[in-house]
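A quick write-up on the structure given underneath.
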Amino acid sequence: MIYLDNAATSFPKPPEVLQAVKGVMEKIAGNPGRGGHPGALAGGRILERCREQAAMMLGAEGTENIIFTFNGTDAVNLALKGFLHQGDEVIVSHQEHNAVMRPLMGLQDGGQIRVRMAEPDAKGVLSPESITHQINSKTALVVINHASNVTGCIQPLQPLIAAAHKMGVPVLVDAAQTAGTERLDHLQADMIAMPGHKGLLGPMGTGILYVASHLDMHPVREGGTGSASESLRQPGMLPDLMESGTHNLPGIAGLCQGMKFVQCFREEIREYERALARRLEEKLRNMAHVQVMGAADVEKAAIVSFNLLGKDPSFVTDTLVKAGFALRGGLHCAPAIHAFHGTKGAVRVSPGLYNTEKEMDALADEVSKIQ
Ligand SMILES: Cc1ncc(COP(=O)(O)O)c(C=O)c1O
């Protein structure tokens with residue numbers, strides 16, 4: 001099996017990640033923040049080291065701005081439900097995943113907020129004006145998907161965030177497809193949500209939400225934090241305000257090693273994965289009857305989605321899976337981007353750092369056989 005579904009979750013993970021998970025399961029006898037015995041303290045140090053690693057990667061003010069979550073969806077939910085108030089309006093991009101759209105639509109259906117969509121250009125790229133045009137006195141937040149999990153199209157975050165800030169509106173970035181390969185520390189984003197199990201190479205069941213110190217958040221999940229235990233109310237300070245209950249300590253230990261790995265090789269990984277995706281995309285674009293989603297000349301993360309004209313994407317996906325390629329067909333939980341491109345589904349290929357040029361060529365050959 002050739003694994004080409006890294007946009008869903010990365011595989012395999014570096015050996016350091018596996019060792020860290022196993023190390024916690026075998027050696028840490030205690031729950032961080034729940035007791036002063038050696039195991040609980042050792043667990044607390046693992047959490048703190050991971051927060052330090054994430055804070056460095058994201059240019060955070062401090063480790064308290066790093067909230068551990070269970071995945072990317074959980075990070076987005078905490079961000080939206082922990083920040084928005086009754087009557088707020090939210091601006092989103094057309095690239096948003098259901099991790100963003102479903103919580104927002106739930107809030108809108110409950111009469112709490114209103115969602116507006118920014119209008120991209122013909123290639124699917126947002127301009128600062130497309131955001132500012134939608135801002136009014138009720139706008140509380142702009143949400144931007146950094147890279148589409150369908151087309152890979154990367155949005156030019158810096159000018160978009162600067163434009164929203166100029167009008168006093170904070171920005172949440174969904175970095176699910178860019179954390180680990182793109183720089184996120186210089187964006188001045190107010191919140192950044194990401195899974196730990198994709199580009200950060202951590203285990204499933206991990207995620208991170210960065211929350212800037214100046215935001216006024218309310219808790220989404222209340223419970224034990226191991227701090228201020230005399231109070232029946234949730235502590236007011238980050239990260240405890242947003243983190244309740246026992247952490248996924250084995251997962252977080254693995255995530256810390258995954259982040260260390262990608263921070264050492266971020267640019268090399270980015271260039272390598274992008275080169276693999278470009279190689280495949282060029283081969284596919286040269287085939288008659290193959291339609292690659294998205295414009296050829298926009299900046300893209302290492303994701304290539306395509307359709308064979310006249311063939312159902314699920315048939316093409318099933319055929320490729322039977323031929324030994326692990327990849328994903330369908331709508332990829334992002335219906336708006338398919339509506340934008342006029343597609344009802346696609347076959348998605350998302351190479352990772354362990355794939356090779358030979359594997360890209362083998363896939364292209366198989367597509368041409370199906371064709
Ligand atoms: C753009 C985007 N946002 C959010 C998510 C949700 O991440 P998770 O599966 O970790 O909840 C995904 C997952 O594929 C994604 O691609």
Quiz item: Hey, what else clusters with I337 if you join Ile, Leu, Val, Met, Phe, Trp, Tyr whenever side-chain heavy atoms sit under 4.5 Å?
Solution: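 Besides I337, the hydrophobic cluster comprises V150, M293, listed by chain and residue number.
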
Quiz item: Should side-chain heavy atoms under 4.5 Å link Ile, Leu, Val, Met, Phe, Trp and Tyr, which residues sit in the same cluster as V316?
Solution: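 V316 clusters with I2, L4, Y272, L276, L280, L284, M287, V290, V292, V304, F306, L308, F315, L320, V321, F325, L327, V347, V349, M360, L363, V367, I370.
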
Self-check item: Partner residues of H165 under the ring pair (Phe, Tyr, Trp, His ring centres under 6.0 Å) criterion, sequence neighbours left out
Solution: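 For H165, no residue satisfies ring pair (Phe, Tyr, Trp, His ring centres under 6.0 Å) once neighbours in sequence are set aside.
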
Exercise. Sequence neighbours left out, what passes side chain to side chain contact (heavy atoms under 4.5 Å, CB included) with E129? Give chain and number order.
Key: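 Per chain and number, E129 pairs via side chain to side chain contact (heavy atoms under 4.5 Å, CB included) with S127, T132.
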
Quiz item: Which residues satisfy the side chain to side chain contact (heavy atoms under 4.5 Å, CB included) test with A75, sequence neighbours excluded?
Solution: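 With neighbours one apart ignored, the set is T69, A193, L209.
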
Please name all residues satisfying salt bridge (Lys or Arg N to Asp or Glu O under 4.0 Å) with [X], sequence neighbours left out, ordered by chain then number.
X: E96; value: none
X: K123; value: D297
X: R274; value: E182, E299

Exercise. With sequence neighbours left out, write down each residue that passes side chain to side chain donor-acceptor pair (under 3.5 Å) with E26, or none if nothing qualifies.
Key: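 By the side chain to side chain donor-acceptor pair (under 3.5 Å) rule, E26 matches K22.
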
Practice problem: Would you please name every residue forming a side chain to side chain donor-acceptor pair (under 3.5 Å) with S213, sequence neighbours left out? | Solution: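 E61, N65.
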
Practice problem: Go through the steps to decide whether H85 and H218 satisfy the test ring pair (Phe, Tyr, Trp, His ring centres under 6.0 Å), and finish with yes or no. | Solution: CA-CA 10 Å; H85 295 90; H218 40 269; 5.0 Å; yes

Do any side-chain atoms of residues 107-115 form donor-acceptor pairs under 3.5 angstrom with protein atoms, and if so which ones, sequence neighbours left out?
from	atom 1	to	atom 2	distance (Å)
Q108	OE1	V115	N	2.7

Quiz item: Tell me, which pairs form a salt bridge (charged side-chain N to carboxylate O under 4.0 Å, His left out) where one or both residues lie in residues 217-237, sequence neighbours left out?
Solution: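 Qualifying pairs: D74-R221.
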
Exercise. Would you indicate whether L309, at its atom CG, is surrounded by more than 12 heavy atoms from other residues, nucleotides or ligands within a distance under 6.0 Å?
Key: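 Count over threshold, so yes.
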
